[in-house]
Amino acid sequence: MTQRHVAIVGAGLSGLELARQLTNAGVSTTLFDKSRGVSGRVATRRAEVAGHTLRFDHGTPGLTECQAEKISSLTMPTQLALEPWLPPSAMTGNEPHFSLASGMNGIGKWLAQGQSIALNAPVTALRESCGGKTWQIESESTLRPQNFDLVITTTPPLQAANILKATQTPMIEQLNTMRPEGCWSLMLVTEHPWDIAPLLTPQDSLIERVISEHTKGRLSNTWGVYTIQAHRAWSQRHMDEDPTLVCKKILSELDRLGFGRMNIVYHRMHRWLYAGVAEPLGEAILLDTQRKLMCAGDWCLGNDVTSALKSADAAWSAAIELLS
Ligand SMILES: Cc1cc2nc3c(=O)[nH]c(=O)nc-3n(C[C@H](O)[C@H](O)[C@H](O)COP(=O)(O)OP(=O)(O)OC[C@H]3O[C@@H](n4cnc5c(N)ncnc54)[C@H](O)[C@@H]3O)c2cc1C
C-alpha cells in the first residue's frame with residue numbers, strides 16, 4: 001500500500017492519542033496546533049512569584065482512577081509519573097485524584113513523543129489539491145505544500161466549522177448546532193494555606209471547585225496555591241465581563257464561604273471561552289467519507305478526558321477503514 005498522509009488539527013489529548021494510534025499502524029501523521037505547546041485543555045500555567053516557579057492546572061486538575069489507568073496503559077517509550085493526589089479517604093471513583101507534580105500538561109507532552117507537530121500553527125482553512133484527491137492546510141495566510149489524504153479536526157466544534165467552511169462538507173451544519181460553555185478560572189496564591197481538603201466542591205455556590213495545587217507534590221514555598229473554577233453556567237453568564245470584576249466576585253464568594261484570611265500574594269484570571277459544550281453530539285465522530293474529512297474531540301461524547309480518548313479510538317478505526 002502507498003504511504004498515506006493524515007493531517008490532524010489540534011494537539012489536545014484526542015488529537016495526540018489519534019496520532020499515536022495512526023503512527024503505530026504505519027500511517028504518516030502531522031499534527032497542527034495553534035498554541036505554543038501541546039495538551040489543549042489539559043493545561044498548566046506557570047507563574048514566577050518572588051523567585052519561585054508555581055504551577056497551576058487551570059484546565060483539567062487531575063484524572064480519575066479509571067482515566068489514569070487508561071492513559072498509563074498506552075504504549076509509549078517512557079512511563080508516565082501519575083501519582084494519587086487526594087488522600088485515600090477522600091477518593092471516590094468520580095473525583096479527579098491522580099495528578100502530575102510537573103503539571104497536568106505533562107500528559108500531552110508525554111503523548112507527543114515521536115510525533116510530527118507544527119505548533120503556533122492556527123489552521124484557518126483547507127484547500128483541495130491534486131485535482132480534489134487530497135487536501136492542503138492553510139495556516140493564517142500561508143498554504144502549506146504537503147498533500148494529505150485525510151484531514152481530521154479535533155478542535156472544539158465551532159472552530160472545526162470555521163476550518164472546514166470552504167470544503168462544503170455537510171458536517172458544518174451539525175458543528176454549528178453545538179453550543180459552547182466557558183469557564184472562569186482564578187489562579188490564586190495566599191500567604192498561608194487554608195485548612196481545606198485538597199479538592200473542595202462548595203455547595204450552593206458560584207464556585208465549582210477549589211483545587212489546592214500545593215498538595216500535588218510541588219514546590220510552593222509556604223504559600224497556599226490554588227486554582228478556583230467557577231461553575232460553567234455562571235461563567236457563561238459572565239463571559240464578557242471585565243476579568244477584574246469577575247475576580248472580585250469570586251473573592252467575595254470565597255469570603256462568604258468563610259475561607260479565612262486571604263493575604264493575596266498573586267492572582268490571575270483565565271477565561272476559557274470554550275471549556276466544553278452544553279450538550280454533546282451523541283456520536284463518537286463526524287465523518288464525510290466522500291471528501292475524506294472527519295471531526296473528533298471530547299464534545300462528540302461528553303466534556304471529559306474519557307470522551308476525548310473514546311472519540312480518538314473511533315476516529316482511528318474510521319481512518320484505517322477509509323485509507324485501506
Ligand atoms: C476548566 C476545565 C476543567 C476541566 N476538568 C476536567 C476534569 O476534571 N476531568 C476531565 O476528564 N476533563 C476535564 N476537563 C475537560 C478536558 O480537559 C477535555 O475533555 C479534554 O482535554 C479534551 O481534549 P480534546 O483533545 O478533545 O480537546 P482540546 O484539549 O480542547 O484540544 C483541542 C486543540 O485544538 C487546538 N486548536 C483549536 N483551534 C485550532 C485551530 N484553528 N488550529 C489549530 N489548532 C487549534 C487547541 O489549541 C487545542 O490544543 C476540563 C476542562 C476545563 C477547561
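Indexing begins at 1, ligand by ligand and atom by atom, following the structure's order.
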Identity and distance of the protein heavy atom lying nearest [atom]:
atom	answer
atom 25 (O) of ligand 1	Ser14 OG, 2.7 Å
atom 30 (O) of ligand 1	Arg41 NE, 2.7 Å
atom 48 (C) of ligand 1	Asp33 OD2, 3.4 Å
atom 41 (N) of ligand 1	Val123 O, 3.1 Å
atom 44 (N) of ligand 1	Lys34 N, 3.1 Å
atom 3 (C) of ligand 1	Gly59 O, 3.3 Å
atom 31 (O) of ligand 1	Gly12 CA, 3.5 Å
atom 6 (C) of ligand 1	Thr60 OG1, 3.6 Å

Numbering as shown, the atoms of ligand 1 that approach [X] to under 4.0 Å (heavy-atom distance):
X	answer
Ile163	41 (N)
Gly10	33 (C), 34 (O), 35 (C)
Thr154	32 (C)
Gly297	26 (O)
Gly40	29 (O), 48 (C), 49 (O)

Is there a side-chain contact between [X] and [Y] (heavy atoms, below 4.5 Å)?
X	Y	value
Val49	Val225	no
Asp240	Arg271	yes
Thr60	Pro96	no
Leu186	Ile207	no

Determine, considering heavy atoms only, which of [options] sits nearest to [atom].
atom	options	answer
atom 36 (N) of ligand 1	Asp298, Leu16, Thr155, Ile137	Thr155
atom 51 (C) of ligand 1	His270, Arg232, Gln229	Arg232
atom 15 (C) of ligand 1	Ile107, Leu18, Asn162, Asn303	Asn303

Backbone or side chain, does any N or O of [X] fall under 3.5 Å from an N or O of ligand 1?
X	answer
Asp304	yes
Val9	no
Pro122	no
Ser35	yes

Run the numbers on Asp242 and Met269 for side-chain contact (heavy atoms from CB on, under 4.5 Å), then give the verdict. CA-CA 10 Å; Asp242 182 343; Met269 291 298 299; over 6 Å; no
Among Glu208, Glu253, Lys249, find the residue that satisfies the side chain to side chain contact (heavy atoms under 4.5 Å, CB included) test when tested with Trp234.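 For Trp234, the side chain to side chain contact (heavy atoms under 4.5 Å, CB included) check succeeds only for Lys249.
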Any donor-acceptor N or O pair under 3.5 Å, side chains Thr227, Glu213: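 Per modelled atom types, Thr227 and Glu213 side chains form a pair under 3.5 Å.
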I need the contact type for [X] against ligand 1. Using non-hydrogen atoms and a strict under-4.0 Å cut-off, is it side chain, backbone, both or neither?
X	answer
Ala121	backbone
Trp299	neither
Arg209	side chain

Parallel, tilted or perpendicular, judged at 30° and 60°: which one describes the rings of His58 and His270?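 Perpendicular.
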Looking at [X], I want to see if its [atom1] is surrounded by more than 12 non-hydrogen atoms of other residues, nucleotides or ligands under 6.0 Å.
X	atom1	result
Gln79	CD	no
Arg209	CZ	yes
Lys248	NZ	no
Asp195	CG	no

Centroid-centroid distance, Tyr266 to Trp223, less than 6.0 Å: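 When the ring centroids of Tyr266 and Trp223 are compared, they turn out to be at least 6.0 Å apart.
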